[in-house]
Amino acid sequence: MQVFKFGGASVKNPDAVRNVASVIRHYGEKHLVVVISAMGKITNALEELTQNYMEMNHEKVMEKFHEIKDFHLEIAQKLFEDPKHPVFFHIEQIFFHLLRYIQEPPSRSYNYEYDRIVSSGEIVSTYIVSHYLNYVGVANQWYDARKLIVTDSNFRDASVDWILTPQLANKALSPYMAGSNNNKPGIVITQGFIGSTNQGFTTTLGREGSDYSAAILAYALKAKEVVIWKDVPGLLNADPKIHNDACLLPNISYQEAIELSYYGATVIHPKTIKPLLSRNIPLRVKSFTDPALPGSIINNISENDNKVPSFIWKSNQMLVSIFPKDFSFIAEKNLSRIFSDFAKHSIKVNLMQNSAISFSVCFDYDRINTPALLADLQKNFNIKYNKDLKLVTIRHYESANADKMFENYTIFLEQKSRVTLQMVLKPIEKV
Ligand code: ASP
Ligand code: MG
């Protein structure tokens, strides 16, 4: 069987939903699990609703609630002519439960309430798509992902139970999949991003986590392949908004995909690759607007990894140089102090370098965490820093001809390994 994943952009309006039906009809195999995200930017809207709910700003909560409900009703009205179609009953039911919930004051942590509320986006979007597919003759079964994916109770960033999940998913979905001999449809529609604790509390897997859901289910069901349908032709070696000669990477290895997402490439959720790698399940990235194009494939073949260089830009970088106040060397004791400050403020290091008496670290600037980190560091160290920098990572830089490319930048720090070049830089301001 195959697993397909459609993200928010692929179901953002009625035409997009119609297109999903056509992609499934033409490219889906008989036995297929389809993982779908919330429609368009609905997860952001539900996040705002949750924020207002926690602040007990009832007026704003209700405003958001109606905006979100109307958005879905409008899409359904354009997809289904009959106002009595059961899809409308389901939409009303989901929003009725949500409304009842948000009318009570919050009783638990922000992360718990977030998962309870934000998961509604995936529930309603999959109901609409599932009904629509049945309506146009693509027989399918809607399934609640919370009955398939078991997690711990680390709300908003839950970890998967890799023993229970495959057991549950197989038991629940095998009647629909290859080898079963019954009248059930071969296509299952379920939600990305969400799961449930053993006690039945809804959890989420982290923003953009639907790719990961697809990989979890593929692992559990030993799928033949996963296809992530996107609004780009596949994996690109650079952001076309920055590099006008960006090109498609037709094939990279799992390891290369892990490296690229580690350095900040955003095409696929970083956790997606590992479950696929461990079962050797290929991952295709294809365009839902041009589904006939071959797209990219991630598998165990590494031959093509070094054919073209890849460029990954991260903005909003901060570079801090740290000097012990007592002029002691940067050795284990000072390093362990520095790292414990970083860990305390949950700041992930993107790049680091040391000399005898200074230690430089580059990381993503965060409005809240960064000032708190600097204050702690200043207790033991003198620090100097630069803000608003960029970090560029070039994989396979040997063939990149990079010198000319950065003529107009001041380079603050540069680091090279055999395959990866990283630079912290800032554009030279023209006067
Ligand atoms: N809807 C969720 C989000 O926007 C999950 C996903 O799209 O992958 O983060
Ligand atoms: Mg999304």
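Remember, it's 1-based here, ligands and their atoms both numbered in the order they're listed. All values derive from a computational prediction rather than experimental measurement.
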Minimum distance, heavy atoms only, to atom 2 (C) of ligand 1: which one of Ile194, Thr43, Ile36 is it?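 Going through Ile194, Thr43, Ile36 one by one, Thr43 has the nearest heavy atom to atom 2 (C) of ligand 1.
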State yes or no: are the ring centers of [X] and [Y] separated by less than 6.0 Å?
X	Y	value
Tyr135	Phe80	yes
Tyr53	His58	no
Phe363	Phe342	yes
Phe95	Phe65	yes

Does some non-hydrogen atom of Lys41 fall short of 4.0 Å from ligand 1?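 It does not; every heavy atom stays at 4.0 Å or beyond.
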Check whether any heavy atom of Gly209 sits under 4.0 Å from an atom of ligand 1.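 Right, Gly209 reaches ligand 1.
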Quick one: look at Ser37 and ligand 1, take heavy-atom pairs under 4.0 Å, and tell me if it's side chain, backbone, both or neither.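 The side chain, only.
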Which bit of Glu122 is near ligand 1, meaning a heavy atom under 4.0 Å away: side chain, backbone, both or neither?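 The answer is the side chain.
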Could you tell me whether some N/O pair between Glu208 and ligand 1 is separated by less than 3.5 angstrom?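 There is such a contact, yes.
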Quick one: pull up CD1 in Ile149 and CD in Gln191 and give me the separation to the nearest 0.5 Å.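 The distance works out to 9.0 Å.
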Does Asp231 have any salt bridge (charged side-chain N to carboxylate O under 4.0 Å, His left out) partners at least two apart in sequence or in another chain, and if so, which?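 Not a single residue meets the salt bridge (charged side-chain N to carboxylate O under 4.0 Å, His left out) criterion with Asp231.
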Residue Arg207 vicinity, atoms of ligand 1 by number, heavy atom under 4.0 Å: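 Once the distances to Arg207 are compared, the set is 3 (C), 4 (O), 9 (O).
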